Amino acid sequence: MMRIFYVFWVMVVVLFAQSARALEVGGLTLPLDCVLGESCWIPNYVDLKLGKGVLDYTCGDASYDAEPGAHHKGTDFAVRDMAAVKAGVAVRAAAAGRVLGVRDGEVDVFYDHTQASSVQSKECGNGVRIEHAGGITTQYCHLRRGSVQVTAGGHVVQGQQLGLVGLSGQTQFPHLHFQVEQGKTVLDPFAGLERKAACGVGEAPLWDRKTLDALPYQPTAIYHVGFAPGKPDRAAIKAGALNSLDLPKTAPALVVWAELFRVQAGDLLEFTITDPSGTRIHDQRLKIDAKKAYYWAFSGLRLKQVAWPSGTYRGDVRLIRGEQTFLSTRQIEVR
């Protein structure tokens, strides 16, 4: 009996060691249900530069200093707006493990500095923390209130739903903050462990190959584009209230609006509108004068006749940065 127990224990130790090594060299899967560039975007990567200044895994600056002397410790996966939050975007365990702790019940609200005291020590908002093999932990922050589905002490399998993306804690846009640590050391899942090169994906990234291939680096993102019958209301955009695909042909104006992550000084933002006949009826370029983590703008034209011709209109938004061009398109029916 003792021999059977010993053999069983040896097998457990071997399997645990193999699991730990597998996780270290690349076993994490995407921690939410989305398609990068279509239904989610990465506005911020792990800041690998301690102290003042930022440095993402490509040696770019797609991150931020969380506060003076502190760096951003996770990868942020943003969803389009609060309509997406309301519809529900599942957050999933990136690897199997044991739940170390959970928090739920924090409200979903756009954070500003006046709420600092209410989120003190709860900056993560509603969240889940999981312990994995190899001393690695993952943390999932800003979940939707009332959505957490696991309990402390329980075990989860890879891909198991933990909750839903929300807007709880210290955040100004709906997203999942995904953080990986080994002990007290923050790990960038793109850089991985013991990276030799100064820039780029490491030799042993923590993501599995399928996930890594699905997460190409995004230096900027035009993540939300739509139409409005006049000057758009920013609050309505963030709520998802301007996602309708129809406008009346007597709308006083046709306006295209866009929200972007990470713009640079000198970027050109181009808005064009094409009518049902294929004729470009509006074209305007705006020059961005300062680097911003978040940017929104709009452009359009007023109705100057009895009505707009009925049919499908297309709005194109292009961000031009040197030799690079980023494009997002939206169509709308005018009836």
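A quick note: this is a predicted structure, and the numbers were derived from the prediction, not measured.
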key: Polar contact flag, side-chain donor to acceptor under 3.5 angstrom, Asn126-Asp108   = no
key: Hphob cluster co-occupancy, Ile332 + Val317, side-chain heavy atoms under 4.5 angstrom   = yes
key: Pair listing, disulfide bond (SG atoms under 2.5 Å apart) test, anchored in residues 227-278, at least two apart   = none
request  = Check whether the side chains of Thr171 and His177 place a donor and an acceptor atom closer than 3.5 Å, and report yes or no.
outcome  = no
key: Asp283 bridged to Arg280 by N-O distance under 4.0 Å   = yes
request  = Please test Asp104 against Arg145 for side chain to side chain contact (heavy atoms under 4.5 Å, CB included), starting from the C-alpha separation and ending with a verdict.
outcome  = CA-CA 6 Å; Asp104 203 346; Arg145 181 169 64 172; 4.2 Å; yes
query = Which word best sums up how the rings of Tyr57 and Phe190 line up, parallel for under 30°, tilted for 30 to 60°, or perpendicular for over 60°?
reply = parallel
remark   = Rounding to 0.5 Å, atoms NZ (Lys49) and CG (Asp56) come to a distance of 12.5 Å
inquiry  = Taking the ring centre of each residue, are Phe173 and Phe110 less than 6.0 Å apart?
reply    = no
ask   = Excluding sequence neighbours, so at least two apart, what forms side-chain contact (heavy atoms from CB on, under 4.5 Å) with Gln264?
value = Asp61, Asp267, Lys291, Arg321
note = So ring-ring contact (aromatic ring centres under 6.0 Å, His included) across residues 226-258, not counting sequence neighbours, yields His224-Trp257
task = Please check if the distance between the ring centroids of Phe261 and Trp41 is under 6.0 Å.
result = no
task = State whether the number of non-hydrogen atoms from other residues, nucleotides or ligands found under 6.0 Å of Gln305 atom CD is greater than 12.
result = yes
key: Joint cluster assignment, Leu30 & Val180, ILVMFWY side-chain distance < 4.5 Å   = yes
query = Does NZ or CZ of Lys52 fall inside the cone over Tyr64's six-membered ring, less than 6.0 Å from its centre and within 45° of the axis?
reply = no
